[in-house]
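Reading through the structure tokens given below for one structure.
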Protein chains: 2
Amino acid sequence: MYTSMQTNLKPLDRRQNTASQAYAQLRAWIISGELRPGQVISEPKMAMTFGVSRTPIREVFKRLQDEKLLDIFPQQGTVVSPIDIALVRSNQFIRETLELRTIALTATHAGPQDIAGLHAQIQAQKQLVEAGDHRRFFAADDHFHETLISIAGQPTVWKTIEDAKAQIDRVRHLSLEDPDWLRRIFTEHLAITDAIAHHDTTEAVAAMQAHLHTVFAAIDKIAQAHPHFLKKDQRTEAPAF
Amino acid sequence: MYTSMQTNLKPLDRRQNTASQAYAQLRAWIISGELRPGQVISEPKMAMTFGVSRTPIREVFKRLQDEKLLDIFPQQGTVVSPIDIALVRSNQFIRETLELRTIALTATHAGPQDIAGLHAQIQAQKQLVEAGDHRRFFAADDHFHETLISIAGQPTVWKTIEDAKAQIDRVRHLSLEDPDWLRRIFTEHLAITDAIAHHDTTEAVAAMQAHLHTVFAAIDKIAQAHPHFLKKDQRTEAPAF
DNA sequence: AGAGGTTTACTTGTATACAAGTATGCAAAC
DNA sequence: GTTTGCATACTTGTATACAAGTAAACCTCT
């Protein structure tokens, strides 16, 4: 590598390194709400928790800061980011904008195999709903949306949506969605799939928009039930004289 | 910080730390093409260049890896990411999708003050075009687009577009745009502003779409003039038998 | 001359030590 | 009682040392 260049590099990351594992774990804890908004954490303590040194943990903290999941205050400490409702709404706008355009393409481009694949996913989701398996249904939900975007011919757009989704999913988890949330989401997925199967672009877009808007209920819920999870200047905003 | 929590944190980063400065510099070098796609770099050498240790440089490398501007191969080395045309097109799709929706909102929401502000920017751009100041016109271009998005009521969406733009701008710079590029961009900005001033949503969207599509010429240009800057599997793809 | 094993230099990943800064708590002075 | 100053413990930022792995170069043997 240090004499010639681009000879035969191996892009293989066969073994996940320490930092990657810690990142996945810590990110999941934040999004799921196990680490609550406002909670103070530190590099040394987290390093102890994972049984590693500060170095890989520090990398993780920086990444999570970029994702606005951690707020690092130099020489002071690090806290799990409070919920920034303005940011959540902005990310929701981004997700909605991208998914509404792609779903229209999906309704147009979807071939028989694609539609069959979606129906198979719907069946799998149905079983998860009946089993009440929230965790796996959540993963199936992601897979469903990723598939729709892939059918639209823009597979890598999912990465951007995944980033935007982090803030949104945090609100969903913290708002403790009601028990029949699974069934409602499933019904909406069914409507989207039906519209695509009939190549009804207008209906597909409408169904997707309705589907994505369910998050606003969660936002209202958390704003009322857990105001201390919100960013300070949002809950202490004095009336502007 | 370590006993009580969220008392009076200072979000102030008055002095940029070493890592932030190195990040801005290195990112600019990559996007501007001073560091060319495929070029091999290493943490110790770059640390020497900046006169710091590996630690802050390592942070920078990780961030740039997340942005897909660097490819880090463990125990082998780090290269400036080759141009991934599929990624460029995907990012272009993302930018276009977001800016086409926001420009429609801009045309609707723009008030007299907003329109006056845009006209002022147009005047400033005109002077930069006549002066042939590419660097400052480029900054003015960013400011113009950010303003349009802000008028639409989605100011933070610009951050996402800024991320997507990195790959796109790299292609623009490397394709060595022709001298009257400034004038053409300026003319397109003028058309967008006029449409907004007349609250002509349809025309505003059309003008923005035309404006954003100029990058495709740059993609074709770089694919022909500098194929060695492209990702390997894109330029060596053998005909599929 | 050519093939194969070894050495060597370089790479990133991780651990540790030190530096600089901040907030808490206590003690002393008023 | 209040305030001021300081010691202390904790925080993140940076520097350095070591570990693990890769690849080119070289040296030896055939």
Side-chain angles (χ1 to χ4, degrees), chain A residues 1-26 35 38-66 68-81 232, chain B residues 1-26 35 38-66 69-81:
Chain A
M1 167 64 95
Y2 50 89
T3 56
S4 65
M5 106 184 188
Q6 273 200 343
T7 52
N8 49 355
L9 296 173
K10 297 177 189 169
L12 306 173
D13 281 343
R14 57 208 177 292
R15 177 181 60 90
Q16 290 286 23
N17 55 16
T18 305
S20 297
Q21 298 177 34
Y23 167 75
Q25 179 73 279
L26 200 48
L35 280 171
Q39 184 162 345
V40 176
I41 61 179
S42 78
E43 294 171 1
K45 288 176 183 170
M46 200 55 70
M48 282 281 291
T49 302
F50 284 98
V52 297
S53 75
R54 272 185 61 203
T55 309
I57 295 298
R58 186 173 171 74
E59 281 182 20
V60 172
F61 275 33
K62 288 291 181 183
R63 272 183 84 174
L64 293 173
Q65 181 183 38
D66 285 344
K68 300 190 190 300
L69 291 174
L70 288 184
D71 292 344
I72 301 177
F73 299 89
Q75 274 75 40
Q76 296 182 67
T78 300
V79 300
V80 177
S81 298
K232 249 186 177 176
Chain B
M1 168 64 90
Y2 49 91
T3 55
S4 65
M5 105 184 191
Q6 272 200 345
T7 52
N8 48 356
L9 297 172
K10 298 178 189 171
L12 306 174
D13 282 340
R14 58 205 175 294
R15 178 182 60 89
Q16 289 287 26
N17 56 16
T18 304
S20 296
Q21 298 177 35
Y23 167 75
Q25 179 75 278
L26 199 50
L35 279 171
Q39 183 162 346
V40 176
I41 61 179
S42 78
E43 294 171 1
K45 289 175 183 172
M46 198 56 69
M48 282 279 292
T49 302
F50 284 99
V52 297
S53 75
R54 271 184 62 202
T55 310
I57 296 297
R58 185 174 172 74
E59 280 182 20
V60 172
F61 274 33
K62 288 292 184 182
R63 269 183 87 172
L64 293 172
Q65 181 184 38
D66 285 343
L69 292 174
L70 288 183
D71 291 343
I72 300 176
F73 298 89
Q75 274 75 39
Q76 297 182 67
T78 299
V79 300
V80 178
S81 298

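Below, read A as the first sequence line, B as the second, and so on, with proteins coming before strands; counting in each chain starts at 1.
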Q: Whole angstrom is fine here: how far is it from CD in A:E43 over to C1' in C:dT14?
A: 14 Å
Q. Can you name the nearest heavy-atom pair linking A:M46 to A:I57, along with the distance?
A. CB-CG2, 4.0 Å
Q: Identify the heavy atoms of A:V80 and A:L70 that sit nearest to each other, and give their distance.
A: CA-CD2, 3.8 Å
Q. Taking CE from B:M46 and P from C:dC10, how many angstroms apart are they, rounded to a whole number?
A. 17 Å
Q. Which of these nucleotides, D:dT12, C:dT14, C:dG13, is closest to any side-chain atom of B:I72?
A. C:dG13
**Q.** Rounded distance (Å) that lies between atom C1' of C:dG13 and atom OH of A:Y23
**A.** 19 Å
Q | Which nucleotide in D:dG13, D:dT12, C:dG13 has an atom nearest any side-chain atom of A:K62 | A | D:dG13
Q: Take B:V79 and B:I41, measure what side chain to side chain contact (heavy atoms under 4.5 Å, CB included) needs, and give me the verdict at the end.
A: CA-CA 6 Å; B:V79 300; B:I41 61 179; over 6 Å; no
**Q.** Under 4.0 angstrom between B:T78 side-chain N/O and C:dT11 OP1 or OP2
**A.** no
Q) Taking it one step at a time, do A:Q65 and A:K62 satisfy side chain to side chain contact (heavy atoms under 4.5 Å, CB included)? A) CA-CA 5 Å; A:Q65 181 183 38; A:K62 288 291 181 183; 3.9 Å; yes
(Q) Rounding to an integer number of Å, can you tell me how far A:Q21 CD sits from C:dG13 C1'? (A) 13 Å
**Q.** Spacing between A:R58 atom CZ and C:dT16 atom P, to the nearest angstrom
**A.** 17 Å
Q: Looking only at non-hydrogen atoms, find the nearest pair between A:L26 and A:F61 and report the distance.
A: CD2-CE1, 3.7 Å
Q: Could you list by number each residue of residues 47-57 of chain A showing a heavy-atom separation from DNA chain C of less than 4.0 Å, or answer none if no residue does?
A: A:V52, A:S53, A:R54, A:T55, A:P56
Q) Rounded to whole angstroms, how far apart are CD on B:E59 and P on D:dA15? A) 11 Å
Q. What heavy-atom pair brings B:S81 and B:D71 nearest, and what distance separates the two atoms?
A. OG-OD1, 3.0 Å
Q | Separation of atom CZ in A:F73 from atom P in C:dA20, rounded to whole Å | A | 24 Å
Q: Can you tell me the distance, in whole Å, between the CD atom of B:Q75 and the P atom of C:dT12?
A: 9 Å
Q.
Tell me the closest heavy-atom pair linking A:A19 and A:E59, and the distance in Å.
A. CB-OE1, 3.6 Å
Q) Between D:dT11, C:dG13, C:dT11, which one does the side chain of B:S42 approach most closely? A) C:dT11
Q. Picking from D:dT12, C:dT22, C:dT12, which would you name as closest to the side chain of A:Q76?
A. C:dT22
